[in-house]
Amino acid sequence: MNAQSRTKLNQTPEWTALGKHREQLGQTHLRQLFADDPERGTGYTLRVGDLYLDYSKHLVTDETLRLLRELADATGVAGLRDAMFRGEKINTTEDRAVLHTALRAPRDAVIEVDGENVVPAVHAVLDKMAAFTDRIRSGEWTGHTGKRIKNVVNIGIGGSDLGPAMAYEVLRSFTDRSLTVRFVSNVDGADLHEAVRDLDPAETLFIIASKTFTTIETITNATSARNWLLTGLRADQDAVAKHFVALSTNAEKVAEFGIDTANMFEFWDWVGGRYSYDSAIGLSLMIAIGPDRFREMLDGFHLVDEHFRTAPPEANAPLLLGLLGVWYGAFFDAQSHAVLPYSHYLSKFTAYLQQLDMESNGKSVDRDGQPVEWQTGPVVWGTPGTNGQHAYYQLIHQGTKIIPADFIGFAEPVADLLPGLVAQHDLLMANFFAQTQALAFGKTPDEVRAEGVAEELVPHKTFRGNHPTTTILADRLTPSVLGQLIALYEHKVFVQGAVWNIDSFDQWGVELGKVLAKKIEPVLTGTAASAAAGGGEQLDSSTAALVAAYRARRGR
Ligand SMILES: O=P(O)(O)OC[C@H]1O[C@](O)(CO)[C@@H](O)[C@@H]1O
């Protein structure tokens, strides 16, 4: 559908129909929905690759799902999806194709951007990464002094950090334990300090990951890392070649920094930063888990890409998850979405999803630049489940807000868990199943009374239930399963952006802060033309007072 001629979302008949349906649904309880349909727990499920997805504990009926699919039809989700897979420039504000799906396409696929098949270049870079990985892991690649590389430090931020840092944690049990792999992102010097303080520079490889190679945090940390290395080795610039490689789209800036472009692993402007960890940005991960495991992960991504592209709407998992989010945002006023993994290895999973979802769909104008009149992306949050149970679950169970949540768990513990710890997995998973049950069905006042609870405590011990959750269960956390999970969320975010008619692939909202920081920094250091006046810029009275207090504390 042409964005220019598109009817506003909240003026479509499909939206109106959903609104009416919501009114009819009223306070209908999940207890009722389950009582009405004994097959609900098995019927409202999908299987995608290795993922078993249960959406029965959602506040939906067959009619809700039908109306939501009609909304997807009316808003042209399938058309936009096909345009994305074809390599059309659907990121209109940046005039770019959106082709992270090409990063995991098989060698013989043909995907064209501006008339050129991009798949051979994708595989050429993957092959180059694999060859480099093998040289590092075998010890063939040595540092400037001839020592074997034992430490790998990835320096990047946002999409050039969160993906590999998350996936490294997730796949720890598949990593080469003889290598130390660390991730530095924060421009706070403490981050780099803690990452390198116990490392031998002669054994350390820095991977500078930056799509643009202009990101101030990354270039600042990379420069400091270079100084640390050269000082530690008492070497000159020549040492850089054996200790620094770059992951970037910008060869000119890489060369300017002093990294040989032969040691650069390329990607392309049609890979968004938050969609990039299966590109060259994943090099640190590939070094940690090896090329074969990395390719298994890509196959997992591809499996879900194909599912999203070809599965019918009623069995299409990303479509379903995306539409459920639209439903709660629009018709239940849900403001946030919790992602609660029951796996310690997924401890950085939600942080990764925050960028994926919130940088993509945190928009308030539509594709034509008109203000939207409906909720867009939710606040995404969460930490591993059992820890959350002893912290914020109270609010999810008994607070005043509705917080749809995803529960992610695995039937088997990871392969190399110490034998004595394997038994704990049943307890972990008992909590996993118990929580979605408690959230859905709650505990009525009568049930509380039946336990002999004093009347004045009954309201406090009642759980109203009816809190919607999705359960995602897989047999085991493997590289392929990780790829499947990430692709599932990528496409869910895509579906929501398509329905809301926003550009999910730009991120103009990060720019203003960057520009202002550039202006304020010389004021802090006293190198601005007129520090008091904000380097020629008039600071507002609050910021001016804060800056003055800072400068005074630093003796300036
Ligand atoms: O890879 P780069 O160019 O250093 O950018 C890092 C991150 O900065 C952002 O542009 C936001 O500032 C993200 O979209 C991106 O992932």
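Note that ligands are numbered from 1 as they come in the structure, with each ligand's atoms numbered from 1 the same way. Note: hydrogens, waters and symmetry copies are ignored here, and every other heavy atom, side chains too, is used. None of the values given here were measured: they were computed from a predicted structure.
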*F267 six-ring face occupied by K211 cation (under 6.0 Å, within 45°)*: no

Ligand 1: protein residues within heavy-atom distance under 4.0 Å:
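Lining ligand 1 at under 4.0 Å, by heavy atoms, one finds I157, G158, G159, S160, S210, K211, T212, T215, G273, Q355, E359, Q507, V510, K514.
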
_So, using ring-ring contact (aromatic ring centres under 6.0 Å, His included) as the criterion, who are the partners of F174 when residues are at least two apart?_
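Partners of F174 under the ring-ring contact (aromatic ring centres under 6.0 Å, His included) test: none.
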
Let me have the donor-acceptor pairs involving side chains of residues 149-167, under 3.5 Å, with sequence neighbours excluded, atom names and distances please.
{"residue": "N151", "atom": "ND2", "partner": "T204", "partner atom": "OG1", "Å": "3.1"}
{"residue": "N154", "atom": "ND2", "partner": "S160", "partner atom": "O", "Å": "3.2"}

Tell me if the centroids of the rings in Y168 and Y345 come within less than 6.0 Å of each other.
no

Original post:
So, do F132 and F265 have ring centers that fall under 6.0 Å from each other?
Top reply: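 Yes, the ring of F132 comes within the 6.0 Å limit of the ring of F265, centre to centre.
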
Residue pairs passing the side-chain hydrogen bond (donor to acceptor under 3.5 Å, both in side chains) test with at least one member in residues 268-278, sequence neighbours excluded, are R104-D278, E266-W268, R274-E359, R274-S360, R274-Q507, Y275-S360

